[in-house]
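Okay, so here's the structure we're looking at.
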Amino acid sequence: MIVGSVPTDLERPVVKGRVLVVDDDLALAEMLSIVLRQEGLEVTHVADGSSAMGAFRESRPDLVLLDVMLPGLDGMEVCRRIRAESGVPIVMLTARTDTVDVVVGLESGADDYVVKPFKPQELIARVRARLRRGDEPEPEKLDIGDLNIDVAGHSVKRDSRPLSLTPLEFDLLVALARKPWQVFTREVLLEQVWGYRHAGDTRLVNVHVQRLRSKIEHDPEHPEIVVTVRGVGYKAGPA
Amino acid sequence: MSGTTAPRPAPSGAIGSDAGPRARRGLASASVHVGVRSLVGVVSLWRRSLQFRVVALTMVLGTLVLAGVGSYLYQRVADGLVEERRIGASAEVIQLAAKAQLQLGGSNDQRDTTDGLVIAAKNTVQSIAGTEGSRYVVLARSDNNTVTDAILPPIVSGDEVGLVSIPAELQQKVAGSPATQQTQIITLRLSNDTDVTPAWVIGQQITVSGAGPYGLYFIYPMTRERDTLSLVGRTFLVGGIVLMFLIVGISYVVTRLVVAPVRRAAEVAERFASGALNDRMTVRGEDDLARLAQAFNGMAASLQQQIAQLENLSRFQQRFVSDVSHELRTPLTTIRMAGDLIHDSRADFDPTVSRSAELLHNELDRFESLLSDLLEISRFDAGAAVLDLEPTDLRRSVARVVDATASLAERKSTRIDIEEPDHPCEAEIDPRRVERIIRNLLVNAIEHGEGRPIEIRVGEDDSAVAVSVRDHGLGLRPGEAAMVFNRFWRADPARARTTGGTGLGLAISLEDARLHDGWLQAWGTPGTGSCFRLTLPKVPREPLERSPLPLNPLVPSSPSSTPPPVAPAGSLTHGGLPVGLPPDPGAQTAGTRGSGGQS
């Protein structure tokens, strides 16, 4: 069982934003809307996969809550299509905890996932973690390998050609690049990048490192920028 | 060899003679090695190859039979030749003896003197001797001759034989019965021959006038018979060897005819077993081997069909579980969120509604963990559970679990002591599952530990890692260690269910351990607490032989003496009994003492 963390901090910074809920179960969708609205978020709902893309383009949400099993277009496919045109954070709602399902969901581009049945606090924590990013970071330039990272400008360049990373992948790269040579365990990365307080699913890290490598490495099979430290975790090593 | 011992300079050719003995010894030991190796090779070939066995047996038995039959025939031929020669010689001797008797028996002037008698006897002997050594004649005075007027020396025809050739025994016999012919076989060494030759000696007594009875001996060398016999022997040998090869060849071909299809069947069966379900044997003809192939193919087809059926069933089961999971979980999520919302605002309700909201909230938690445990168990039952292996330091897993259960331990004011090596205990495991096991064990220990300290030990050896969780609570009654892993097992049914466990925690842990090919074992005695030990192989699928940690904490110095026999995950040791007690390997060890502390 994956135990999501439940934030215990009382001073919850109010995060404003628009959330698109894609779920075919109307009762759950309504319940989600109630809970999210309590948190001060704007909620748009769409009930099937085929109309998800239209709703996405129209509402331009800051975060997408996506059910994996959808009529029309399946959740993984919706995820892939959204990812094709945007780096918006996607949190999957899944009823299946089978390894394959979760990994396929993550590989199709989801940033995070929650397993049904989840507690409202757990969902809110995940949504907040994904929305609460960049409290106007200080201007900071990082170089790792042959990449130039502009933290404030949210851009990564190689030979002054920008690379397109999702915000999560960007955060992951920045976390590693800020302390090159330091080895990060998966748990530390889960905490720093995903905002898990307690044990999360370390496969999140594995899958996203793979995705990140496929975008920044010259040869993703033999990574030189994000290097695996066997049995421990990852580190950023200059090429 | 003198070169090796002689102190003086050895003659030419002795160069390097110092190295001689060593070299020879080396050679000897090398040849012994080669001999041992080839012997081992033959023995293993004997065991492995039916064909080799059949051919070798045929060869040995064939050699025995051929040698037996050959010697019998050879003996018969030899006997026949010798006998025939005796008959021929015997008839000849009668005539020649009569002739000699005639010539020497009558009185003659010339023979009045001894010299004349000797000359006459010599002439007679020459006249009856054969040409070219076909027979020799010896005339010698009989033992019973009492006439002393004239004593003739032994008269011999030719230089090849002499009186010594005639056995004394024969001479006595001839003297003893003057009227009959006596025969005996002797061996001769002829001057023109390298080998000894058997010969017939036929003796008869004649009376030499004036000199009394004399033995007349005819020696018939069987040179021709010997040559014939040796030719026959050589022919038998060559024939036997040829026959031997023929038999071996035939047995080789025949066994090959039978063994080759059997080998093909074995190959196909091996491929079939390793997953090539479409492999079949080729059926040729209608003989027994074709029937073997047909039967094999039939079996393969029926197996394949059953496997396919089972796979379908399993797929169906997995699909069903997955669907049920999804169908149940979605409404449960809504209920859960609504319940939480109500629970959060229970302060606004009147006390009964408020208490109801609390009950709803708590029972939802229980319902949820029960559902997820049930789904997890059914996933194991459907064989749908798969390992997600990665190299993991068991100490870190323990640390994470202890961290996560810190609040529970604090609530129960239980201290947790960890004893672990200061080096990584790394193994290829599925960290999520292993942490789930450790969490179940730890939560169980906290809930049954009566607030007394809990000891967690981590250990490793060359092939395995292990973690044991020891509490000092009520412990297990005898026999209960066998049941703790049973689904929904509770130590005391009458005891109030104070803790929220589902009763499936340890059953799931056991399945998780099994999936790793590991062991999960329980030990306990009433009053002293209990100990649960998880042992996992460092390399997946490697069978475990022993655990780096003792299961019975009261016998701490015997980690290696607790080899749970070839037990599947969850062999058990009954409370109070020695650690080495062989657990019942067939027992489905199971159940928690009350509750599985499932997440």
Side-chain angles (χ1 to χ4, degrees), chain A residues 1-6 8 23-38 67-70 75 93-103 114-124 185-187 190 196-203 205-206 228-233, chain B residues 318 321-341 343-345 361 364-365 367-369 371-373 375-376 379 384-388 390-393 396-397 399-401 403-404 406-407 424 426-428 430-433 435-436 439-440 508 598-599:
Chain A
M1 278 300 75
I2 292 101
V3 186
S5 71
V6 179
T8 49
D23 198 317
D24 60 321
D25 190 283
L26 294 179
L28 177 60
E30 197 181 339
M31 198 65 233
L32 282 172
S33 304
I34 292 172
V35 169
L36 291 172
R37 284 205 183 98
Q38 273 194 334
D67 192 0
V68 178
M69 273 182 155
L70 284 175
L93 307 179
T94 175
R96 305 196 207 162
T97 51
D98 297 6
T99 302
V100 180
D101 287 325
V102 169
V103 170
V114 278
V115 180
K116 293 178 191 175
F118 44 79
K119 294 181 175 145
Q121 301 94 312
E122 191 186 331
L123 176 76
I124 299 297
T185 64
R186 292 176 179 83
E187 289 77 28
L190 272 177
Y196 279 90
R197 289 298 181 86
H198 295 295
D201 182 358
T202 51
R203 290 174 301 180
V205 185
N206 300 356
T228 304
V229 181
R230 216 180 117 82
V232 186
Chain B
Q318 283 175 35
V321 167
S322 179
D323 288 352
V324 167
S325 156
H326 186 253
E327 295 305 323
L328 276 179
R329 277 160 187 256
T330 304
L332 183 59
T333 312
T334 315
I335 297 171
R336 154 112 260 172
M337 294 179 86
D340 274 29
L341 207 67
H343 184 253
D344 285 349
S345 40
H361 182 80
L364 267 174
D365 276 349
F367 184 75
E368 196 184 311
S369 44
L371 175 70
S372 59
D373 278 6
L375 289 172
E376 195 62 29
R379 243 197 304 269
V386 279
L387 285 178
D388 195 11
E390 56 182 88
T392 310
D393 182 356
R396 288 161 49 83
S397 299
R400 271 198 292 271
V401 173
D403 222 33
S407 58
E426 202 174 90
E428 282 281 324
D430 183 339
R432 292 170 63 242
R433 293 185 188 278
E435 280 170 32
R436 176 162 73 186
R439 187 165 52 241
N440 275 329
I508 290 175
Q598 176 66 6
S599 64

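Below, read A as the first sequence line, B as the second, and so on, with proteins coming before strands; counting in each chain starts at 1.
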| Stepwise, does the side chain to side chain donor-acceptor pair (under 3.5 Å) test hold for B:Thr330 with A:Lys116? | CA-CA 6 Å; B:Thr330 304; A:Lys116 293 178 191 175; 3.2 Å; yes
Review item, side-chain donor-acceptor pairs of residues 25-38 of chain A, under 3.5 Å, at least two apart:
from    : atom 1 : to      : atom 2 : distance (Å)
A:Asp25 : OD1    : A:Ala27 : N      : 3.3
A:Asp25 : OD1    : A:Leu28 : N      : 2.9
A:Ser33 : OG     : A:Ala29 : O      : 2.8
A:Arg37 : NH2    : A:Val43 : O      : 3.4

| N-O pairing of B:Glu390 and B:Arg432 below 4.0 Å | no
| For A:Val232, is it the side chain, the backbone, both, or neither that has a heavy atom closer than 4.5 Å to a heavy atom of chain B? | backbone
| Who wins among B:Ala338, B:Pro431, B:Pro424 for the most heavy-atom pairs under 4.5 Å with chain A? | B:Ala338
| said: Given heavy-atom pairs under 4.5 angstrom as the criterion, report whether the side chain, backbone, both or neither of B:Leu332 touches chain A. | reply: both
| said: To the nearest 0.5 Å, what is the distance between OG1 on B:Thr333 and CG on A:Leu123? | reply: 10.0 Å
